[in-house]
Amino acid sequence: MRVRLAVGIAALCLVPALWPQAKRDASWDWPMWAHDLAGTKYSSLKQINVQNVANLKQAWVYRFNRDGKPNISGASPSELYQEITPIVVNGIMYTPSGDRVVALDPVTGKEQWTYEVGDGLASFRGVSYWPGDKQNPPRVIFTTGKKLVGLNAKTGRLDPGFGKEGIVPLDVTYDGAPTIVGNLMFLGTNFYGPGMPHIGPQLDERGGQIPTQHAYDVRTGKEMWEFHTFPREGEVGYNTWELKIG
């Protein structure tokens with residue numbers, strides 16, 4: 001079965017056609033999973049409307065599932081790719097693609113760069129973008145198994161300034177796009193009830209993984225703090241939980 005990404009997020013795909021001729025406007029971007037920190041999932045673009053939406057035509061196709069290359073999870077392509085939300089920043093589209101993360105030209109669908117995960121799968125849902133600062137280049141950040149990976153957004157190569165040569169180890173997996181606010185990055189934890197398996201091979205505890213929340217310095221990858229959703233002994237609320245941790 002082949003799964004393809006046709007340019008279905010039409011608001012992101014028709015307007016970028018203007019980019020070569022016009023000065024880029026930030027409103028054309030879709031910079032994070034839910035568009036903004038408020039989670040509005042809303043774009044103010046107006047090129048597509050009720051009068052012309054029926055006339056939209058496919059602009060290009062990009063294949064997520066490479067011919068003849070099985071994925072390591074054994075899951076079907078539809079399971080792996082149905083939740084992906086690409087982001088668009090500064091005229092470039094970034095998206096996970098199974099065992100890869102890719103940067104695409106949103107006008108043509110042409111690959112700008114490809115990063116091979118190698119020993120796992122990129123998050124099923126998406127990637128995050130950090131614009132960088134004077135000391136660090138812009139980054140594309142994503143999770144894979146028990147790792148947080150930082151790529152140079154311009155080259156697609158591991159950014160050695162992030163964690164250890166572009167990698168930050170995670171104690172517990174998180175199969176979602178990190179939330180970035182300023183220079184802080186926030187990650188939750190995948191949590192499934194007892195006996196509930198998941199297609200992600202990185203989610204290896206059938207009994208459920210203990211949920212924690214983490215904050216990292218997005219510049220260095222250093223963990224800043226951890227919050228225990230289930231209070232541990234000595235923490236506020238411990239006496240209110242039947243499930244005791246620690």
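Because the structure is predicted, anything quoted here is derived from the model rather than measured.
Annotation: side chain of T95 is not in contact with side chain of I87 (no heavy-atom distance under 4.5 Å). A heavy-atom distance below 4.5 Å is not found between the side chains of L104 and I92. Counting only heavy atoms from C-beta outward, the side chains of W30 and P86 never approach each other to under 4.5 Å. L170 has its side chain out of reach of E223: every pair of non-hydrogen atoms, C-beta onward, lies at least 4.5 Å apart. Residues L45 and S27 meet the side-chain proximity criterion, which asks for heavy atoms closer than 4.5 Å.
In this structure, the side chain of Q112 engages the main chain of K110 through a donor-acceptor pair within 3.5 Å. At least one donor-acceptor pair under 3.5 Å links the side chain of W60 to the backbone N or O of P106. Looking only at distances, no side-chain donor or acceptor of N52 sits under 3.5 Å from a matching main-chain atom of L56. Remark: side-chain polar atoms of H35 are paired, donor with acceptor, to backbone N or O of Y42 under 3.5 angstrom. Checked by atom type and distance alone, the side chain of D159 pairs as donor or acceptor with a backbone atom of G161 at under 3.5 Å. Side chain of S128 to backbone of P178: a donor-acceptor contact under 3.5 angstrom is found. A side-chain donor-acceptor contact under 3.5 Å links R139 to the backbone of R219.
Heavy-atom minimum distance, G221 versus F162: CA-CE1, 3.7 Å. Between M224 and L184, the shortest heavy-atom distance links the atoms CG-CD2, 3.9 Å. For the pair E111 and Y62, the tightest heavy-atom approach, listed with the atom from each and the gap, is OE2-OH, 2.7 Å. When every heavy atom of P231 is checked against every heavy atom of Y238, the shortest pair comes out as O-CD1, 3.3 Å.
No path of Ile, Leu, Val, Met, Phe, Trp and Tyr side chains, each step under 4.5 Å between heavy atoms, connects W33 with V181, placing them in separate hydrophobic clusters. Transitive grouping of hydrophobic side chains (ILVMFWY, heavy atoms separated by less than 4.5 Å) keeps V218 and F186 in distinct clusters.
Ion pairing of R100 with E116 is absent here, as no side-chain N (NZ or NE/NH1/NH2) approaches a carboxylate O to less than 4.0 Å. Comment: K222 does not engage D217 in a salt bridge, judged by the lack of any side-chain N to carboxylate O separation of less than 4.0 angstrom. Contact check on D119 versus K147 returns a salt bridge, with a Lys/Arg side-chain nitrogen under 4.0 Å from an Asp/Glu carboxylate oxygen.
The CD atom of E83 sits 8.5 Å away from atom OG1 of T85, with the distance rounded to the nearest 0.5 Å. Note that the CZ atom of F124 and the OG1 atom of T143 stand 9.5 Å from one another [nearest 0.5 Å]. Here the straight-line distance linking atom OG of S97 with atom CD1 of I84 works out to 6.5 Å at 0.5 Å rounding. The structure places CH2 of W225 at 7.5 Å from CD of Q213, a figure rounded to the nearest 0.5 Å.
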Item to complete: Start with the C-alpha distance between M32 and I180, add both sets of side-chain angles, then the distance that settles side chain to side chain contact (heavy atoms under 4.5 Å, CB included), and finish with yes or no.
Response: CA-CA 9 Å; M32 61 181 63; I180 298 175; over 6 Å; no
Discussion item. I'd like to know whether D133 forms a side chain to side chain donor-acceptor pair (under 3.5 Å) with N136, so could you lay out the CA-CA distance, the side-chain angles of the two residues, the decisive distance to 0.1 Å, and finally the verdict.
Written reply: CA-CA 5 Å; D133 57 21; N136 301 281; 3.0 Å; yes
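Ring geometry for W113 against Y94 counts as tilted: the plane angle lies between 30° and 60°, on a 0 to 90° scale.
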Would you tabulate the side-chain donor-acceptor contacts of residues 148-158 under 3.5 Å, counting partners in other chains and residues two or more places apart, or write 'none'?
unit_1	atom_1	unit_2	atom_2	d
N152	OD1	K154	N	2.8
N152	OD1	T155	N	3.3
T155	OG1	R157	N	3.2

